[in-house]
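Below is one structure, written out as structure tokens; comments come after it.
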There are 2 protein chains.
Amino acid sequence: MNIGEIARRAGVSRSTVSYVLSGKRPVSDEVRARVERVIEESGYRPSATARALAQGSTRTIGLVIPPMGSHLSIDQLQFVGSVAEAAADHDHDVLLSPSGRDEVFDRMLGERRVEGVIVMETLLHDARVSRLLQEPVPFVTIGRTGSETAHAWVDLDYAGLVTTAVRRLAELGHRRIALVNRPQELLDQEYGPAFRAQDAFDKTVAELGLGGHLVCCADDTRAGEECVRRLLADTPELTALVSINERSLSGVVHGLKATGRTLPRDFSVVAVTSQANAQGIAPAVAGADVPTAEMGRSAVEALLAAIDDPAKAPAQVLLRPELIERASLGAAPVSRA
Amino acid sequence: MNIGEIARRAGVSRSTVSYVLSGKRPVSDEVRARVERVIEESGYRPSATARALAQGSTRTIGLVIPPMGSHLSIDQLQFVGSVAEAAADHDHDVLLSPSGRDEVFDRMLGERRVEGVIVMETLLHDARVSRLLQEPVPFVTIGRTGSETAHAWVDLDYAGLVTTAVRRLAELGHRRIALVNRPQELLDQEYGPAFRAQDAFDKTVAELGLGGHLVCCADDTRAGEECVRRLLADTPELTALVSINERSLSGVVHGLKATGRTLPRDFSVVAVTSQANAQGIAPAVAGADVPTAEMGRSAVEALLAAIDDPAKAPAQVLLRPELIERASLGAAPVSRA
DNA sequence: CTGAAAGCGCTTACAG
DNA sequence: CTGAAAGCGCTTACAG
């Protein structure tokens, strides 16, 4: 079943069928009704491939997902879903490209399967971005790169979030605070969030004259427990911590409980993580909820804007969700303050 | 830059350029070299859209991902990645369709963007599958449906895994065992894994004359803790549990520790979860590692086989990873056995 | 071994 | 308001 067959059955030309479908040209009510009936009866849908070829647009965007086996989180799958949904809202489809599979990346770009690309988990120095900067295709990164060349990005303001969290803890009387960061290897790779969180933590702690303790932690529960045990052994006076490591968070909280701390009476925890994760831990963890849906939507909209008008200044969106106070956050213990 | 321009520059016909690219017809060494040089110099890549139209094949498969905000797990993102990688190994791309977005699903199928579809998180009665059964497009479900009509699927043998786990615990002397299942709402929706695990648990426990305790648990850490507390309050003689709920697992283990149990001396835990999750908990949890990569690969291969020969009997792959003994598993405590 | 031409299924300027 | 025709960029039978 194709447009020619519909035209024949309705007794009109193929162009008329096309215009009935697209609405780009007025069609008399009578003809329109006839064509629509035939389409209805036959269940005809135009071929996306043929349309893409004729129009020169695939209405598809590429999404470069992190390589397998690396630091995948629930947030990231949520993000993938939200990109697909936001794209659907704009009548676009999403094609997946696993990072590290250069053939797929090459095919998406070289063979013009996509109109633009979203890159997840961008590093400060990112080979994929270097590659994209040489191509004519618009793209948006999740996370900023160190690239001087301006390009569109959407990022969470880790520096701002960490600063706010430390300030709030200081207001509550906490004087010795730790930062639980992502794994050391990510810092080594210059992963932006780990990098900027650490920097902001150092500065804020210094500015407020607090005792600050940095620790990197692997992305799992067990590492969270160990990390807390080590921290408390080294610095028993610690009364609060800020975590940007969502996968170790429940381990961190359990580690605190295991060493006899009751939250928030003896110890406070503030984290950057998804709302579901923060509330899925007992006690519920205060902090900034990572707005995955909003990030997905912003990225898609920034990309579509760039596709629409490549000359326009690239959108750069820095999201900074507010700090939500939940049961894990309280005043510093009087005895220790 | 298109095939005509390459042909002109190389002084050959467009068909010759096409045959140099596809290798479907012999081309003299001299002509081939000339064409290849021009292609090389110009960086020409054929348009995927034009090729798809001419060949009648998009070389793209659709992946229907679970709706957002529902029970997403790390395993599932891994699975998405492994589908993309397996597809890439067979020169196919992956188009995403968020469940619940019927327009996207309709577009994928109706507008023939994809050659076939993989459906994640299938329910026993699944609207998406009913829809697919009426379409001519091949598809593979992850998880079996209750449909009598045969279709291709890939599933984990939850029944077998639970049975094996219970038997092993019985061998080790455990007499009262609990099953920590997925949330009640999934059972109500007739989610296959939850359903079959429960059924197998009931049967095996009865067969071995053990005391069996069923409990549904929400998909988070806090729920795991509460669930264990409730279980132990009701049945203090419990010495082991089997969990198929990966997201609550660390809470379950911490709950056990919080009630004074030392694993595996006082209590044993066996779980079906990803290897990373099992090993990211202290002590490492024994059980069957969900083989996400293998499931993704099997699904892609089953789908490509169905696309290749729709008449062939659909592949039905039941995976049953072996039970791995880790630190959480041991003999029943003597005092209680 | 190579080329001229038809065809894939659409869209859209051009004409009336 | 409608149609005939060219064109999107490939592939592939047909001919030589």
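Proteins come first, then strands; the chains are lettered A, B, ... in the order of their sequence lines, and each starts at number 1. Heavy atoms only: backbone and side chains are in, while hydrogens, waters and symmetry mates are out.
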Euclidean distance, atom CD1 of residue Ile3(B) to atom P of dC8(D) [Å, nearest integer]: 14 Å
Whole-Å gap separating P (dC10(D)) and CD (Glu5(B)): 11 Å
Pair listing, side-chain hydrogen bond (donor to acceptor under 3.5 Å, both in side chains) test, anchored in residues 47-66 of chain B, at least two apart: Thr58(B)-Glu115(B)
Separation between CD of Gln316(B) and OG of Ser298(B), rounded to the nearest 0.5 Å: 13.0 Å
CG (Asp29(A)) with more than 12 external heavy atoms under 6.0 Å: no
Contiguous Watson-Crick or G-U pair runs (3 or more, under 3.5 Å) in DNA chain D: C:1-3 with D:14-16, C:5-12 with D:5-12, C:14-16 with D:1-3
Donor-acceptor contact present, side-chain Asp157(B) to main-chain Leu319(B), <3.5 Å: no
With the criterion being N/O to N/O and under 3.5 Å, what pairs connect the protein with nucleotides 14-16 of chain C, and how long is each?
none

Straight-line distance of Arg144(B) CZ to His151(B) NE2, nearest 0.5 Å: 10.0 Å
Side-chain (Arg45(A)) to main-chain (Arg112(B)) donor-acceptor, under 3.5 angstrom: no
Side-chain ion pair, Asp91(B) and Arg107(A), N-O less than 4.0 Å: yes
Pairwise distance OG1(Thr141(B)) to CG(Asp155(B)) - rounded to 0.5 angstrom: 7.5 Å
Atom pair distance, as rounded to whole Å: CG in Asn2(A) and P in dG7(C): 13 Å
Nucleotide of dG9(D), dC10(C), dG3(C) approaching Ser15(B) most closely (side-chain heavy atoms): dG3(C)
Proximity to DNA chain C (any heavy atom under 4.0 Å), residues of residues 103-114 of chain A only: none
Closest non-hydrogen atom pair, Ala84(B) against Leu96(A): CB-CD2, 4.3 Å
Sub-4.0 Å heavy-atom contacts from residues 30-56 of chain B onto DNA chain C, ordered by number: Val31(B), Leu53(B), Ala54(B)
Side-chain (Asp126(B)) to main-chain (Leu123(B)) donor-acceptor, under 3.5 angstrom: yes
Lys24(B) side-chain N/O to dT11(D) phosphate OP1/OP2 under 4.0 Å: no
Qualifying side-chain hydrogen bond (donor to acceptor under 3.5 Å, both in side chains) pairs with a residue from residues 1-15 of chain B, counting only residues at least two apart or across chains: Glu5(B)-Arg8(B), Glu5(B)-Arg9(B), Ser13(B)-Ser15(B), Ser13(B)-Thr16(B)
Value in whole Å for how far the P atom of dC10(D) lies from CD1 of Ile6(B): 9 Å
Residue-phosphate contact under 4.0 Å: Ser13(A) side-chain N/O, dA4(D) OP1/OP2: no
Sugar-phosphate, base or nothing in reach of Ser18(A), heavy atoms under 4.0 Å: base
Flag, side chain of Thr122(B) to backbone of Thr145(B), donor-acceptor distance under 3.5 Å: no
Asp106(B)/Arg131(B) under salt bridge (Lys or Arg N to Asp or Glu O under 4.0 Å): CA gap, chis, key distance, verdict: CA-CA 10 Å; Asp106(B) 285 352; Arg131(B) 168 76 198 283; 2.4 Å; yes
Asp89(B) vs Arg101(A), salt bridge (Lys or Arg N to Asp or Glu O under 4.0 Å): CA-CA, chis, key distance, verdict: CA-CA 9 Å; Asp89(B) 288 336; Arg101(A) 299 298 295 241; 2.5 Å; yes
Distance in angstrom units between Arg14(A) CZ and dA6(D) C1', rounded: 11 Å
